[in-house]
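Note that the numbering runs from 1 along the sequence shown for the chain.
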Amino acid sequence: QVGMTTVREPRTLPVVLSPDEVARLLDAAPGPKYKAALGLAYGAGLRASEVVHLKLGDIDSARKVIRVEQGKGRKDRYAMLSDALLDLLRAWWLAGRARGVMVPGGWLFPGQNPVNPLTTRQLNRAFHGAREAAGIDKKISLHTLRHCFATHLLEQKVDIRVIQALLGHKKLDTTARYAQI
């Protein structure tokens with residue numbers, strides 16, 4: 001029996017977009033639904049799976065928070081809801097209601113059949129389309145928006161433990177890696 005050795009991949013720093021590049025990418029998103037969904041990935045630091053599984057009732061505009069139920073690690077947490085993000089969500093809500101796809105108590109981002117949520121695959125396709133349309137040729141993924149969220153907060157001197165809580169990380173090392181420390 002031949003012994004197996006594991007080769008560790010070197011940890012590379014994640015690519016981070018400037019706030020201007022993020023704005024260009026969001027502007028290039030196809031329509032209010034994807035502008036809002038990608039805006040949430042960046043503006044609240046949400047994972048793709050968390051974005052697509054949000055329900056209308058998870059948005060608390062009075063308290064300016066988003067309830068993220070059963071994120072990674074099956075934990076509930078609150079994410080921040082900025083005024084800019086709330087504006088994006090309101091624009092999508094109005095457009096979605098006009099199209100008749102917003103079901104009371106239903107998904108914030110309904111799929112082709114409003115009974116089901118948007119899929120992460122559809123969200124990824126919209127992200128890559130927006131990246132191309134915005135002329136951003138850096139090697140990035142939808143998850144990059146989460147890295148940008150953490151890094152931009154850190155650059156604004158927000159305490160790393162606050163960022164850790166917002167991202168829903170158990171360990172500070174995970175957050176530190178995101179924030180490129």
Chemist: Between Lys170 and Gln164, which heavy-atom pair has the shortest distance, and what is it?
Modeler: O-NE2, 3.2 Å
Chemist: Where do Leu38 and Leu123 land on the side chain to side chain contact (heavy atoms under 4.5 Å, CB included) test, with the steps shown first?
Modeler: CA-CA 8 Å; Leu38 295 174; Leu123 188 56; 3.9 Å; yes
Chemist: Once you round to the nearest 0.5 Å, how far does CG of Leu40 lie from CZ of Arg47?
Modeler: 14.5 Å
Chemist: Please report the shortest heavy-atom distance between Ala150 and Leu167, naming the atom on each side.
Modeler: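 Of all heavy-atom pairs spanning Ala150 and Leu167, the closest is CB-CD1, 3.9 Å.
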Chemist: So that I can tick it off, tell me whether Lys35 and Asp27 are bridged by a salt bridge, with the cut-off set at under 4.0 angstrom between side-chain N and carboxylate O.
Modeler: no
Chemist: Check for a donor-acceptor pair, side chain of Arg97 on one end and backbone N or O of Met102 on the other, with a separation under 3.5 Å.
Modeler: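 Checked: no pair found.
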Chemist: Compare all side-chain heavy atoms of Val101 with those of Trp107 and state whether any distance is below 4.5 angstrom.
Modeler: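 No. Closest side-chain heavy atoms not under 4.5 Å.
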Chemist: Under a 3.5 Å distance rule, please check whether Asp58 uses its side chain to pair with a backbone N or O of Leu54 as donor and acceptor.
Modeler: no
Chemist: Does the Lys NZ or Arg CZ of Arg63 fall within the cation-pi geometry relative to Tyr78 - under 6.0 Å from the ring centre and within 45° of the axis?
Modeler: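 Output yes; distance and angle both within limits.
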Chemist: Would you list the atom pairs, donor with acceptor, under 3.5 Å between side chains in residues 85-94 and any protein atom, with sequence neighbours excluded?
Modeler:
unit_1: Trp92; atom_1: NE1; unit_2: Leu108; atom_2: O; d: 2.7

Chemist: Would you say that Leu166 contacts Leu153 through its side chain, given a criterion of any heavy-atom pair below 4.5 Å between the two side chains?
Modeler: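 When only atoms from C-beta onward are counted, Leu153 and Leu166 do touch, with a gap below 4.5 Å.
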Chemist: Are Val68 and Leu46 side-chain neighbours, meaning at least one heavy-atom pair lies under 4.5 Å?
Modeler: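 Touching, per the 4.5 Å side-chain cut-off.
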Chemist: Val103 and Leu56: which non-hydrogen atoms are nearest, and at how many Å?
Modeler: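 Distance-wise, the nearest heavy atoms are O-CD1, 3.3 Å.
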Chemist: In this structure, are over 12 heavy atoms from other groups packed under 6.0 Å from Arg161 atom CZ?
Modeler: no
Chemist: Can you check whether Tyr42 reaches Val22 side chain to side chain, under 4.5 Å on heavy atoms?
Modeler: yes
Chemist: Tell me whether Lys171 is salt-bridged to Asp173, with the criterion being a basic N under 4.0 Å from an acidic carboxylate O.
Modeler: no
Chemist: Taking all heavy atoms of Val16 and all of His152, pick out the closest pair and write down the distance.
Modeler: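 Result for this residue pair: CG1-NE2, 4.0 Å.
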Chemist: Can you list, pair by pair, the side-chain donor-acceptor contacts under 3.5 Å of residues 132-144, counting residues two or more places apart and other chains?
Modeler:
unit_1: Lys138; atom_1: NZ; unit_2: Glu21; atom_2: OE1; d: 2.9
unit_1: Lys138; atom_1: NZ; unit_2: Glu21; atom_2: OE2; d: 3.2
unit_1: Ser141; atom_1: OG; unit_2: His143; atom_2: N; d: 3.3
unit_1: His143; atom_1: NE2; unit_2: Tyr178; atom_2: OH; d: 2.6
unit_1: Thr144; atom_1: OG1; unit_2: Ser141; atom_2: N; d: 2.9
unit_1: Thr144; atom_1: OG1; unit_2: Ser141; atom_2: O; d: 3.0

Chemist: Answer yes when Arg67 and Asp60 have at least one side-chain N-carboxylate O distance shorter than 4.0 Å, and no when they do not.
Modeler: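 No, Arg67 and Asp60 are not salt-bridged.
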Chemist: Can you check whether His53 reaches Glu69 side chain to side chain, under 4.5 Å on heavy atoms?
Modeler: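 No, every pair of side-chain atoms sits at 4.5 Å or beyond.
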Chemist: With side chains defined as the heavy atoms from C-beta onward, is the minimum distance between Met80 and Val65 less than 4.5 Å?
Modeler: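 They are not in contact (no side-chain heavy atoms under 4.5 Å apart), so the answer is no.
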Chemist: Is there side-chain contact between Phe127 and Leu25, with at least one heavy-atom pair below 4.5 Å?
Modeler: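 They are in contact (side-chain heavy atoms under 4.5 Å apart), so the answer is yes.
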Chemist: OG1/Thr119 to CG/Asn124 distance, rounded to the nearest 0.5 angstrom?
Modeler: 8.5 Å
Chemist: Is any side-chain heavy atom of Leu118 closer than 4.5 Å to one of Lys33?
Modeler: yes
Chemist: Using side chain to side chain contact (heavy atoms under 4.5 Å, CB included), reason through His147 and Val15 one step at a time and then give a plain yes or no.
Modeler: CA-CA 8 Å; His147 288 286; Val15 176; over 6 Å; no
